[in-house]
Structures are given as structure tokens and as C-alpha cells.
Protein chains: 2
Amino acid sequence: MATLNDVAKKANVSKMTVSRVINHPEQVTDELKELVYEAMRELNYRPNAAAKALANNRTQIIKLLILEEMDTTEPYYMFLLTGIANELDKHAYSLQLLTHQNVQIGDSDGFIVCGMRQEDEELIKSLDKPTVLFGQNEMGIDFVDSNNEESMAKATEYAIEKGYEKIVYLGIDVDEPFARSREKGYTTVMSNHGKEPCIFNLENRSRYSAAFIRDNWDKFPANTLFLCASDRLGLGVIREIKEHDGDIPGDYGVIGHDGVFLDQIAYPNLTTLKQSITEMGAACARMVLKKVNENGKPQGDQLFETELKLGGTTR
Amino acid sequence: MATLNDVAKKANVSKMTVSRVINHPEQVTDELKELVYEAMRELNYRPNAAAKALANNRTQIIKLLILEEMDTTEPYYMFLLTGIANELDKHAYSLQLLTHQNVQIGDSDGFIVCGMRQEDEELIKSLDKPTVLFGQNEMGIDFVDSNNEESMAKATEYAIEKGYEKIVYLGIDVDEPFARSREKGYTTVMSNHGKEPCIFNLENRSRYSAAFIRDNWDKFPANTLFLCASDRLGLGVIREIKEHDGDIPGDYGVIGHDGVFLDQIAYPNLTTLKQSITEMGAACARMVLKKVNENGKPQGDQLFETELKLGGTTR
DNA sequence: AGTCATTCTGTTACCGATAACACCGCGATT
DNA sequence: AATCGCGGTGTTATCGGTAACAGAATGACT
């Protein structure tokens, strides 16, 4: 592998000039810069991450903390990981995965945390390096997330537009900002249209939403749409409506949220609010690297729109 | 962070002795070793991966190549990743994820490849670093996998034992070693019991297995068990049996394979052959690191048993 | 012309670890 | 007693980069 030194010799300059071309190009004349770029191209120069890390007193490592239990997660995180990893790669950074099992060993330049719940606040605050959350929070920590409120508002509008008379919201039974935002998107649009909100919160498992439908079937006349805070809940709803020989999407509509995998597993395919997980992962990575370079300077929040992806569970 | 030097001073020895205690402890007297260990403990010494990498002309990075498309994969890979990452962490290694999107940039000490198909042979052979495959193969490359044959044999035995008269095998329609092994496990046990094998291969999507059941429903009398090469296929089978008001698990049994996530999504929960993905991931990591340390010396294969996890789709 | 500031490039030392070599002391060998 | 061998330890140079400083060239100003 070609080194800085090789490039320097080829371009007839010192190592330092080459280093500067890479890190502080404004300090080098255009003429030399051209020579150096040329040499780098010819030698197919790739900086040595280890050397760079050592010299900068960095690790070139970002740790990804996944606080959620793995067996309740969808392939969701694979997309997130891909997005993060690709972006980190571009900056000669690599990834370390931390889960509940393994405590934090080794060092890193920064953290990306996901699956966070209120009770993890202390843990997060104890992190001594630039940190970015994947998922909105009220702790004042920079984050990336879907625009949960806007997302559910959009879905509610759509349901109304399609003429469903009763629109029932099935939320996830946790006291977290994302859950509140989704609910708010629903209630806001409902009241804008002078409709009565109808909200139930359930544990995020398909068997609970199925049981819920079973236990309350007589409360749901034809022309009802179930707006679910996750595809998982949506799945259980579909299952139980079918069990009652309900007509989807004629008499009953279902809309889920996430659009990662389960919406495709459902039959018929679930209409859902699809998140751009991979892009959000990349955004997390960019944000944390920027924060590292700017010595921990706050980066603010970044919200992504969801896409209403139509399946066979809505008219 | 404490360095080698700090430890050396504290223990009144040279850096080199400390380094030796870590890497070649047999070259140091027990007396000094104790002093050094003591100092390391007191200072909470953690080796600097970047420095180590630089000195050893290593990268301390293992690349994970995922050749499969992400949207057809289950959370499967998250478990694998967790296993790999935890193990790598222990050895101060970190991970880089490569997918179809991003070509290989940067350098690494070794590769773990998964989701490989025959057509990827050339790519794999072009890798210039120690490589381990996740998934059996006939290219002579070291691998880790479930014992596919044994796994299906076990399931077939179980189905027979439970008195299902007809046992239908639904395989995945690809010409890959893992698929052949699974089929072989089934056929071997069937012929041992003097029963006629009945095999169909389908694309690995639930809607295809559902369609298959629909189109051939009259061929499957009561007391039939469907042994599926994936939980995904199993899901479609369950769906369609229910559509025909078939009794599961009384008249129809279903067994899937993988046990990662979909088996729990299914209703009733799918009886499946659960793989120890996380452990296999760790095994991959150990194997590739060993291979790196031994300059690419072949490591052979490692097969893991699956666990027959009973759900509600078998008697 | 001489001084000075400015802009650019090169030199040196260092980040934290390791391999190769030098060296020291001791028992075994003659 | 002198030499040899060898296990055990320290010294030096090195991996590939970067910051801090030094030095050279240029133009502006008195």
C-alpha cells in the first residue's frame, strides 16, 4: 500500500505538504496541490486509518449502542446499520456494536444510540463522547428521527379522504416522545375534521392487537380504519379481522407504520408509513462525525418525512 | 488513558517487558509478570488499538460482506452481527459492513462473507485476505453453518414420531449446498422409514408457498405435515391452510426453519428449527481472527446443531 | 535599500505499540 | 579460571501520519 511518503517522493514535496493537501488544502498552492493529487491518483493512495488515529489521538471508531432487545426488533436495524456503516466507511471510520450483553470495552470517538427509553437517560448522560440519538427525545440530545407527528397526520388525512367513517388509533403503550408525537398527529387531524378521536394503547406485539380486536369486535362497525403505530400491531389487526371474515379493504382498513419488512409479510400487503431507515442511518453517522470534528458542538435535530406506501389494506 | 509507558514506569520495567507480558508472556519471569499485571490493573490499562495496528501493520478491522439483498432478509443478520461484533470487540477488532451498494474501500485484516451464492465465487476468490464464510460451500473455503442435514433429519423424525402420515418437503428453489443438505436430511430419514419423499421447491416468499398450497390443496389429505426449508415458506403455508379452514395442528402440521423472528410472528407460533445465529457469528469471528493470526492457515468447517423449538403448528 | 509581515514549505518530534538486536548475568563445559 | 550458551531484559528504530516550529521567499512599507 502506498504511504504518504511514497506520494511525497513522487510529487517531489515533503510528507507534510501531502498531509496538508489532505487536511488543510487552503494552505497549499494550487500548483503543488495538482502535483500531489496527481501522485495520489497514480499510486492509488489510501490513508492509513491506524496511523491517522494514532497521530490525532482518535480511534476512528464510532460505537453503536442498541438498547432494545434484539428479539423484538425487525430487520429495521439492518437498514440502519447499513446506512451508518456506509457513511462511516467514507470517512475511514469503523463501527463497533454494543448491545445489552457486552458492556463498553475499548474506546471510541463518539456514539450513536438507538432504541432508547426514558430509563436510559442516565446511561446516555454518562457517555463521555459526542453522542447522537436515533429517535426523538426530550433530553436535549441531538437526534435523527422520522417526523412522527407529520407521518400520522398524513395517514389520518388519507384515511378520511378515502371515506372511512370511524378511524381508530392503536398506539404503542409506552410513555415515549415518539409515541406521543404519533398520537398527536392523529388527534390533531381528527379534531381539524371535527371527528372524535378513538385511542387505544397496546403492547407492541401482534397477538395483543389481535386479542384487542377480538375482545372489542362489536365496537367496530363496517367502514372502520385502524391506524396502527407499528406494522406489528397492524399484522395482528389484519389477522383478527380475517378471523371474523371482515372485508379488507372494503369494510375495514388498516394502516401500519415503519415499512421495513412486516408490511410485506402481511397478506394482503399492509398500507404503511415507510421510513427511510438507511438514509437516517447515514444522517446519524454524518451528524456524529461532524460533532466529533467540532469538539462536541450541538448539532440540533433532523427529521425525515415518511412515505405513505399503499398496500392492499386500504381502499 | 494509560499507555504502555505508564504501566512500565509504575512496574519499574521497560515498555518492552510490558508488551511482552501481553503478547509473549512465556518470555517473562513470573515475578515481573505479577508486577506488570498489578500495574495494569491499577491503571486500568487498555491497549491502544490504533498503535497496535500501526506497529503490526494490521488494521484491526474485519469486513463483513453481506451479499444478500437487505429487503429479503430477516432480523437474522442482526443476531449474526451481534455475535460477530461482541467477539471482535474482545480482541480490539472492529467491524466494517459491506453491502452491494458500497464497493470495498479501505483496508482490512480479513473477511467474513455471508449470503453467498454460487455466482459470487469469483468475488470471494478475489479477496486477498483471510476469509471465512457464513454458510456451507463447496469451494473449499472455511465456513461456519448450521448442520442443515442433521437439522432436517431431526425434524423429519419428529414429524414421523408424531404420527403425521404424509410429510411434504417444501424446499427453497436455489441450487445451493445448504438447500441440498436440508433436502438430503429429509430424504434420508424418509427412506429409512420406507416412506416416499414428496418434494417441491419454491421461491422463498410466503406468497409463493401460500399459492402453492392453494393450487394443490386437493393433493393434501388430512394428517399431512409440511416441512419447510424456511419460516417464511412456513408462514405462507399456515396462512393458506387457515384459508381452507384446515385444522392446525390436528389435521395439518407445519415445521419451519431458522427460528429467528418469523416463527414468533406466525399465529399459531411456528414449530421451527432454531439456529444459534449469535453463537455462529461469534464462531465466525473467532475463526477469522485465528486465521489472521496464523497467516491464512485453513481452519476447516464448523457445524452447529439446531434446536427443534416447538410451537403450535405441530401436535 | 533595509526592515517587516506574510505566505508557503520543510524539519523535527511525537502519538503508542512492536520486532530486531544488544546486552547482562549466571550456570555449565572444558 | 576462561569460555560458551542461553534465558531474561532493555535499547533502538519503525509503523504512517500530524502539530508545532523553523526557515525561505516574496512583496509592502518606511
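Throughout, protein chains are lettered first and strands after them, A, B, ... in sequence-line order, and every chain is numbered starting at 1. As a basis for the values below, the full set of heavy atoms in this structure was taken, side chains included, without hydrogen atoms, waters or symmetry mates.
Listed candidates were C/dA17, C/dA19, D/dG16. Nearest to the side chain of B/M16 is C/dA19. Each of D/dG16, C/dT18, C/dT9 was ranked by its minimum atom distance to the side chain of A/V28; first place goes to C/dT9. Taking the side chain of A/A51 as heavy atoms from C-beta on, and the options C/dT9, D/dT11, D/dG17, the nearest nucleotide is D/dG17.
Look at CG on A/D107: it is 12 Å from P on C/dG16, rounded to the nearest Å. The CG atom of B/D30 sits 10 Å away from the P atom of D/dT9 (whole-angstrom rounding). Rounded to an integer number of Å, the gap from OH of A/Y45 to C1' of D/dG16 is 7 Å. Per the geometry, NZ belonging to B/K52 stands 10 Å off P belonging to C/dA19, to the nearest Å. Summarising the geometry, the separation between CG on B/N12 and P on D/dG10 is reported as 9 Å, rounded to the nearest angstrom. Distance, A/N5 CG to D/dG16 P: 9 Å, rounded to whole Å. The separation between B/Q27 atom CD and D/dG10 atom C1' is 14 Å, rounded to whole Å. Atoms CD (B/Q60) and P (D/dC15) sit 18 Å apart, rounded to a whole Å.
In summary, the side chains of B/Q136 and B/S181 do present a donor paired with an acceptor at a separation below 3.5 Å, with no hydrogens or angles considered. Side-chain atoms of B/T59 and B/D109 include a donor-acceptor pair closer than 3.5 Å. Side-chain contact of B/S146 with B/Q275: a donor-acceptor pair under 3.5 Å is present, judged by distance alone.
Contact between the side-chain N/O atoms of B/S19 and the OP1/OP2 oxygens of C/dA19 is not found at any separation under 4.0 Å. Listed pair B/T29 / D/dT9 meets the phosphate criterion, a side-chain N or O lying under 4.0 Å from OP1 or OP2. Within the 4.0 Å cut-off from OP1 or OP2 of D/dG16, not a single side-chain nitrogen or oxygen of A/T3 is found.
Heavy atoms of A/N56 sit under 4.0 angstrom from primed sugar atoms or phosphate atoms, though from no base atom.
Taking for each of A/H24 and B/T17 the nucleotide of DNA chain D with the nearest heavy atom, the 5'-most of the two is the partner of B/T17. When each of B/A55 and B/E26 is assigned the nucleotide of DNA chain D bearing its nearest heavy atom, the one mapping closer to the 5' terminus is B/E26.
Residues B/Q60 and B/H91 are not in side-chain contact: their nearest non-hydrogen atoms beyond the backbone lie 4.5 Å or more apart.
Applying the 3.5 Å distance criterion, the base of D/dG10 shares no donor-acceptor pair with the side chain of B/K15. For A/R20 against C/dG10, a side-chain N or O and a base N or O form a donor-acceptor pair under 3.5 Å.
For the pair B/E122 and B/K125, the salt-bridge criterion is not met [side-chain N within less than 4.0 Å of a carboxylate O].
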